[in-house]
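Notes for the one structure printed next.
If you read the sequence from its start, that first residue is 1, and numbering goes on from there.
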Amino acid sequence: MNTLIDGLRIISYSKNITGDIWEAHFGVAAIAAYFFIKENSLSSGTANRIQFQVEEMLGEKSFANLSYPTSKIHREQAETLILESLSSVIDELHWIGHNVIYAALSLQAIRELNGWGTESEIQDICALIESFKRTIPGRSWLGYTASEVKRVMINESDEFPVIRNAQQLSLLVLNELASFRTIYKAEAHHDLIGHMLTFSHALNILFDLGYISYFERGISPLLKLVKVLRATHDLEPEAVMKLNSPVDHLPLAQATRSEWLSLEEEYWRVDYKHSDWDFGHVFKFPYSFYNHLSRAGVAMTHAVENFRYIIYSELE
């Protein structure tokens, strides 16, 4: 439970301390690691290695010099406040879904703890979520500018299935992951595909918590991301396509294939501290992927293979 508490504290305090919206990644990553261990049948060695890395991350990223209040508001009140903030930003694609990811995992942790935080701490989480208002859909797009992504419309010709529940959404995103012939290291792929998994999983968490209307409202922004990614399912490395990115350049380099999957102890033998835990994604991407796989209830061999190119590899 301390992992959840420390994760929520990072999410709550990060924006006031750092001045930006990104340090909260590590709080969300801690929460993801907790539920990844809880939801999967891991060997004790694997679980212990994950927990060790989480504690090492929290040791570096927690705001240990702060004094924390011990009182807390009622769980229902905390959830209501966070949902009100999420309501103001859920209908559009903002930073590839981080507004929903931060909110959903905060709500999941608070529900698991049966309440957490003072009203002030919860309001700080709300302020973090609301800070996504009027932000861009994301960066590093292949074939699109950020403004073009914002204008993307979903129509019948896209042939998206009807999504009414979490299982249907999981099947959609796993099939989309399996459809990439090649996955490139450029953030336009590596990061966006990973966040297709985490954004959709965040919507499924809202569904699980009983917030069905929020799940439904988040589908359209998610499908924008999926539609843009579909444009590069069969992309050749030498293809002529505009890359709008401050960090990536053409020609594209293929992502590195991870020899080990995240359920295997060998994957966690790597010291991810040297990569700053890949900004927390070393925990977040596995949690979301295997949660989707569990919901799907069918073998998804090609999705599993492509996931090896999404997770962090020590060879990168």
**Fill in**
Here the pair of heavy atoms bringing Ala30 nearest to Thr3 is O-CG2, 3.3 Å
**Message:** Regarding Gln51 and Glu55, do their side chains bring together a donor and an acceptor under 3.5 Å, going by distance alone?
**Reply:** yes
**Asked** Any luck finding a side-chain donor-acceptor pair between Tyr267 and Glu259 under 3.5 Å?
**Response** no
**Prompt:** Distance-only, no hydrogens or angles: does the Asn291 side chain make a donor-acceptor pair with backbone N or O of Tyr287 under 3.5 Å?
**Reply:** no
**Message:** Suppose we screen for side chain to side chain donor-acceptor pair (under 3.5 Å). Which residues come up paired with Thr135, at least two apart in sequence or across chains?
**Reply:** His94
**Message:** Do the side chains of Glu119 and Lys72 get close enough for a salt bridge, i.e. N-O under 4.0 angstrom?
**Reply:** no
**Message:** Determine whether the aromatic ring centres of residues His98 and Trp22 are separated by less than 6.0 angstrom.
**Reply:** yes
**Parallel, tilted or perpendicular, as decided by the 30° and 60° cut-offs, for the rings of His281 and Phe285** = parallel
**Request:** Kindly state whether the ring of Phe26 and the ring of Phe279 have centres lying under 6.0 angstrom apart.
**Result:** yes
**Request:** For Tyr13 and Glu23, test the side chains for any donor-to-acceptor distance below 3.5 angstrom and give the result as yes or no.
**Result:** no
**Prompt:** Do Leu172 and Leu223 pass the side chain to side chain contact (heavy atoms under 4.5 Å, CB included) test, and can you show the C-alpha distance, the side-chain angles, and the key distance before you say yes or no?
**Reply:** CA-CA 10 Å; Leu172 169 67; Leu223 293 183; 3.7 Å; yes
**Item:** Arg295/Asp208 ion pair, N-O < 4.0 Å
**Value:** yes
**Message:** Does Lys224 form a salt bridge (charged side-chain N to carboxylate O under 4.0 Å, His left out) with Glu92? I'd like the steps, not just the answer.
**Reply:** CA-CA 9 Å; Lys224 279 191 176 187; Glu92 297 292 337; 3.8 Å; yes
**Request:** Please determine, by modelled atom types, if Thr118 and Ser120 share a side-chain donor-acceptor pair under 3.5 angstrom.
**Result:** no
**Request:** May I have the step-by-step check of salt bridge (charged side-chain N to carboxylate O under 4.0 Å, His left out) for Arg257 and Glu305, ending in yes or no?
**Result:** CA-CA 9 Å; Arg257 183 182 185 274; Glu305 174 60 23; 2.8 Å; yes
**Prompt:** For Glu266 and Arg269, what are the C-alpha separation, side-chain angles and deciding distance, and is it a salt bridge (charged side-chain N to carboxylate O under 4.0 Å, His left out)?
**Reply:** CA-CA 5 Å; Glu266 289 83 356; Arg269 290 183 184 276; 5.1 Å; no
**Pair Ser170, Asn204: side-chain N/O donor-acceptor within cut-off below 3.5 Å** = yes
**Prompt:** Side chains of Ser85 and Glu130: do they bring a donor and an acceptor to under 3.5 Å?
**Reply:** yes
**Request:** Would you please say whether a donor-acceptor pair under 3.5 Å links the side chains of Arg217 and Ser87?
**Result:** yes
**Glu60/Lys273 ion pair, N-O < 4.0 Å** = yes
